[in-house]
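Comments concern the structure below.
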Amino acid sequence: VTPQLNARGDVAVLVPAAGAGLRLGPGGPKALRLLAGEPLLVHAIRRVAASPSVRTIVVAAPAAEVEAVRDLLATVAPVTVVAGGAERQESVALALAAVPADVPIVLVHDAARALTPPELIESVAAAVRAGHPAVIPVLPVVDTIKEVGPGGDGSETVLGTVDRAVLRSVQTPQGFRHDVLAAAHASASDPLTDDAGLVEKAGLPVTCVPGSDLALKITRPLDLVLAEALLHLR
Ligand code: CTP
Ligand code: MG
């Protein structure tokens with residue numbers, strides 16, 4: 001029995017899942033790698049589908065895996081699956097093209113943030129609904145951050161220390177008014193690693209809401225170990 005999405009919801013969620021997962025090491029596209037026996041994408045989509053505001057989900061899958069991803073998600077949630085692109089930004093643009101025009105709020109959410117709780121998805125959507133054109137979940141930075149440049153002998157040398165108090169780590173889902181995200185992508189030139197960056201370039205305000213430790217991006221092998229531990233804590 002496939003759970004249905006809320007036909008009266010006002011949110012479309014785009015899920016870029018077309019990356020190779022190079023930093024995770026050998027083993028195929030990251031979204032299809034297993035966490036506690038299930039693909040990361042299944043964990044992610046289950047949580048997106050459990051968010052009551054969500055009406056539509058569009059997944060950008062690796063081009064060679066579109067059919068496999070459709071089959072994989074058939075029993076998880078009703079989703080549209082499109083082929084992604086070479087860069088994340090291209091994958092998001094391709095997914096955005098499949099969103100019905102009458103959905104007012106669009107969230108972009110990495111498949112790699114597989115354990116993101118529905119509560120965070122709801123809080124980002126709520127902030128957009130409340131009138132913010134662009135919303136991102138953020139956490140304080142724990143490490144000291146330094147700017148570096150090339151040193152004399154192939155090493156790096158420190159150019160300066162950034163004030164950590166004004167820095168934030170940025171997660172997904174990032175939420176947007178549909179027209180704002182569409183305009184940002186239409187005018188995009190250089191690929192960026194997040195969608196809010198496009199809105200910043202357009203000169204619009206981007207609003208921060210508190211992020212979640214559970215929304216960590218599974219990037220390196222150690223992140224899989226941490227995610228598995230977090231899964232069993234709950
Ligand atoms: N992504 C995508 N299309 C791309 C590249 C990335 O849809 N061409 C997606 C990934 O599948 C992931 C999210 O964007 O869900 C964040 O990207 P990242 O964590 O960098 O994943 P990968 O690009 O797969 O990993 P790596 O950079 O280590 O290869
Ligand atoms: Mg990447």
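Note that ligands are numbered from 1 as they come in the structure, with each ligand's atoms numbered from 1 the same way.
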Closest heavy-atom contact between S123 and V209?
OG-CG2, 4.2 Å

Restricting to non-hydrogen atoms, name the atom on H109 and the atom on T116 that form the minimum distance, rounded to 0.1 Å.
CE1-OG1, 3.2 Å

Would you mind running through ligand 1 and noting each atom that sits below 4.0 Å from a heavy atom of [X]?
X	value
A20	24 (O)
K217	18 (P), 19 (O), 20 (O)
E87	4 (C), 8 (N)
A112	15 (O)

Structural part of S91 in contact with ligand 1, heavy atom criterion under 4.0 angstrom
side chain

Kindly state if atom 1 (N) of ligand 1 has a protein heavy atom within a strict 4.0 Å cut-off, that is, under 4.0 Å?
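Protein heavy atoms within 4.0 Å of atom 1 (N) of ligand 1 - there is at least one.
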
What residue and heavy atom of the protein are closest to [atom], and at what distance?
atom	value
atom 10 (C) of ligand 1	G19 N, 3.6 Å
atom 15 (O) of ligand 1	P16 O, 2.8 Å
atom 13 (C) of ligand 1	D110 OD1, 3.3 Å

Is there a side chain to side chain contact (heavy atoms under 4.5 Å, CB included) between R47 and L120 once you walk through the steps?
CA-CA 10 Å; R47 288 162 175 78; L120 183 63; over 6 Å; no

Taking distance alone, with no angle check, do [X] and ligand 1 share an N/O pair under 3.5 Å?
X	answer
A17	yes
R23	yes
A86	yes
L24	no

Presence of salt bridge, R129 and D10, under 4.0 angstrom:
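Yes, D10 and R129 are salt-bridged.
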
Salt-bridge present (D110, R88; N to O < 4.0 Å)
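Looking at D110 and R88, the cut-off is met.
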
Compute whether any side-chain donor of one residue and acceptor of the other, for S212 and Q171, lie under 3.5 angstrom apart.
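Checked: S212/Q171 side chains show no N/O donor-acceptor pair below 3.5 Å.
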
H185/D195 under side chain to side chain contact (heavy atoms under 4.5 Å, CB included): CA gap, chis, key distance, verdict:
CA-CA 8 Å; H185 272 271; D195 302 279; 3.1 Å; yes

Got a sec, which hydrophobics cluster with V158, joining ILVMFWY side chains under 4.5 Å apart, including via others?
V148

Euclidean distance, L226 CG relative to I218 CD1, rounded to 0.5 Å
8.5 Å

